[in-house]
Amino acid sequence: MELKINQQIKKFNAETLSVQALLDLEIPNKQNGIAVAVNSTVIPKLHWNSHLIQETDEILIISATQGG
């Protein structure tokens with residue numbers, strides 16, 4: 001499966017991936033304080049396990065930052 005994540009093309013050895021499975025592969029230790037959008041639609045954390053990603057989807061992973 002080839003996915004566009006944060007404007008970069010990445011390949012995965014899977015036919016299907018949930019949002020959670022993708023995050024476990026991409027950022028296993030940094031999943032607090034992030035938001036995920038698939039095709040410009042934010043996916044609530046409650047649905048990360050059930051929302052399946054298609055090969056043509058564009059994924060945006062955003063990390064919250066602190067600042068002043």
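Because the structure is predicted, anything quoted here is derived from the model rather than measured.
Grouping Ile, Leu, Val, Met, Phe, Trp and Tyr by side-chain contacts under 4.5 Å, direct or through others, puts I61 with M1, L3, I5, F12, L17, V19, L22, L23, L25, I27, I34, V36, V38, I43, W48, I53, I59.
Sorted by first and then second residue, the salt bridge (Lys or Arg N to Asp or Glu O under 4.0 Å) pairs involving residues 54-64 (not counting sequence neighbours) form an empty list.
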Go through N39 and Q54 one step at a time and tell me if the side chain to side chain donor-acceptor pair (under 3.5 Å) criterion holds.
CA-CA 10 Å; N39 298 325; Q54 306 298 317; over 6 Å; no
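Atom CD of Q8 is surrounded by 12 or fewer heavy atoms from other residues, nucleotides or ligands within 6.0 Å.
Screening L60, T56, I9 for a side-chain contact (heavy atoms from CB on, under 4.5 Å) involving K4 leaves a single residue, I9.
Considering only heavy atoms from C-beta on, Q20 comes within 4.5 Å of Q31 through its side chain.
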